[in-house]
Protein chains: 2
Amino acid sequence: MLRLTRRSEYGIIAIAHLAQRPGEAASARDIAERYGIPKRLLAEVMKQLSHRGFVRSSRGASGGYQLAVDPTRTSVRVVLAALEGPFEMVQCATDGARALEDGEAGRAVAPAASSHFAQNTLCELLGSCPIRGPVQRIHDRMRLVLEEFTIRDLISGGDGAVPMTAGLSTAFAPPAVAAAVRKS
Amino acid sequence: MLRLTRRSEYGIIAIAHLAQRPGEAASARDIAERYGIPKRLLAEVMKQLSHRGFVRSSRGASGGYQLAVDPTRTSVRVVLAALEGPFEMVQCATDGARALEDGEAGRAVAPAASSHFAQNTLCELLGSCPIRGPVQRIHDRMRLVLEEFTIRDLISGGDGAVPMTAGLSTAFAPPAVAAAVRKS
DNA sequence: CAATATCGCATGCTTTCAGTGCTCATTCAA
DNA sequence: TTGAATGAGCACTGAAAGCATGCGATATTG
């Protein structure tokens with residue numbers, strides 16, 4: 001469950017590749033052959049990343065792609081959002097503002113923030129969705145994870161465990177953490 | 001991205017419904033009409049939950065389903081795993097043991113744990129997947145979130161923020177938590 | 001027996017996803 | 001100027017997953 005698409009995998013790999021080589025331009029062919037992913041499909045993904053402003057493309061011979069954002073200030077979440085749309089575990093777990101904010105890199109979208117919710121086939125139609133609140137909490141927690149990791153974290157091969165800083169833990173509320181000791 | 005299926009939503013709703021009414025038996029029709037979900041499909045989901053041991057079914061007139069597990073000791077993750085298979089954001093982000101462990105409720109599976117990985121079309125074939133380690137970290141963090149929330153948390157409408165207990169935070173390592181202050 | 005459930009199997013429809021083909025535009029180097 | 005290399009745009013196909021329904025069998029209650 002909750003699997004990412006290939007497009008996302010390819011995009012993440014490419015982004016990581018570019019982030020490892022600042023200044024250099026890598027062509028779609030380079031990356032595709034390097035990691036054994038279909039060149040044609042990667043090109044499609046790169047085009048999308050280019051439109052969203054995450055990479056800069058240069059055409060012609062010896063052209064290619066370069067990273068166009070700060071790796072330390074760009075979360076994995078926004079990259080994935082550019083490729084797959086906003087993160088929403090369930091239809092109702094989003095709001096207009098969030099959905100609009102997702103998917104663009106630097107170019108300061110700022111549209112007239114209309115707050116028409118997407119057609120909530122489930123939760124809006126029937127007023128009494130019993131799990132709305134709790135699911136929203138889970139959703140926010142998972143979203144936060146995607147937000148914490150940046151492009152830079154993708155290229156740091158180090159598996160050292162960086163401890164969690166305090167002050168964040170209270171922001172989103174995990175309910176019964178003792179439960180985590182059970183399994184996992 | 002990372003959206004749950006309807007089956008999961010329906011299953012979670014049903015589980016929550018049953019957890020709110022301990023002892024009572026609710027039929028598929030009851031639940032379906034109550035929340036406006038297709039009765040026939042819900043029945044399919046309930047059958048699956050019954051096979052996995054999460055609910056107990058009783059046939060015949062005045063039959064229905066009852067919760068068969070301890071709501072405080074059953075994570076959302078295992079419920080979802082029973083409906084959609086194990087949580088894996090990418091193909092390589094799992095291992096044999098985990099995949100086997102997922103999806104069963106109480107009945108102590110304990111199969112001869114063969115550790116043949118699934119066909120890793122991407123990461124195994126080409127030795128050099130650059131994002132393997134980092135993605136695994138993200139994966140584990142998200143998995144932990146699903147593990148922390150229990151069935152009981154689904155029915156507590158209270159939005160009170162329970163603080164995170166210490167001692168857990170160091171288990172899985174978030175890399176640059178300061179990043180979270182940026183957005184969100 | 002009759003009504004009400006679940007159970008098991010099969011089936012059709014729709015959407016998404018993965019991947020490819022082809023053509024044009026752009027750039028660089030010989 | 002020419003040709004090779006590269007990205008951009010558009011459309012398309014095949015496969016798989018997801019959603020939903022139908023029907024008959026079986027179990028249970030009254």
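Every chain is numbered from 1 and lettered A, B, ... according to where its sequence line falls, protein lines coming before strand lines.
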[X] [atom1] to [N] [atom2]: how many Å, rounded?
X	N	atom1	atom2	result
Lys47(A)	dA11(D)	NZ	P	11 Å
Glu9(B)	dC19(D)	CD	C1'	12 Å
Leu4(B)	dA17(D)	CG	C1'	15 Å
Leu83(B)	dC19(D)	CG	P	11 Å
Glu44(A)	dT23(C)	CD	C1'	14 Å
Gln48(A)	dG7(D)	CD	C1'	15 Å
Lys39(A)	dA5(D)	NZ	C1'	9 Å
Asp30(B)	dT6(C)	CG	C1'	13 Å

Check this one for me: any side-chain N or O of [X] less than 4.0 Å away from OP1 or OP2 of [N]?
X	N	result
Arg7(B)	dG18(D)	no
His51(A)	dA8(D)	no
Ser27(A)	dA5(D)	no
Arg6(B)	dA20(D)	yes

Could you give the distance from CG (Leu144(A)) to CE (Met142(B)), rounded to the nearest 0.5 Å?
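The CE atom of Met142(B) is 10.0 Å from CG of Leu144(A), to the nearest 0.5 Å.
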
Does Arg59(B) or Glu84(B) map to a spot on DNA chain D nearer the 5' end, using the closest nucleotide for each?
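The residue closer to the strand's 5' end, by nearest nucleotide, is Glu84(B).
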
Indicate yes or no for a side-chain donor-acceptor contact from His139(B) to the backbone of Phe87(B) under 3.5 Å, with no hydrogens or angles considered.
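Indeed, once roles are kept as given, a pair shorter than 3.5 Å links the two residues.
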
For the side chain of Asp140(A) and the backbone of Arg137(A), is there at least one donor-acceptor N/O pair under 3.5 Å apart?
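Judged by distance alone, no pair lies under 3.5 Å.
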
For the residue pair His17(B) and Tyr35(B), categorise the inter-ring angle as parallel (less than 30°), tilted (30 to 60°) or perpendicular (more than 60°).
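Perpendicular.
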
Please pick, from [options], the nucleotide with the shortest atom-to-atom distance to any side-chain atom of [X].
X	options	result
Tyr65(A)	dT28(D), dA20(D), dA8(D)	dA8(D)
Arg29(B)	dC28(C), dA8(D), dA5(C)	dA5(C)
Thr5(A)	dA8(D), dT6(C), dC17(C)	dC17(C)
Ala28(A)	dC28(C), dT21(D), dG7(D)	dG7(D)

Is the shortest distance from a Lys or Arg side-chain nitrogen in Arg6(B) or Glu9(B) to a carboxylate oxygen in the other one below 4.0 Å?
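Here Arg6(B) does not pair with Glu9(B) in a salt bridge, since their nearest N and O are not under 4.0 Å apart.
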
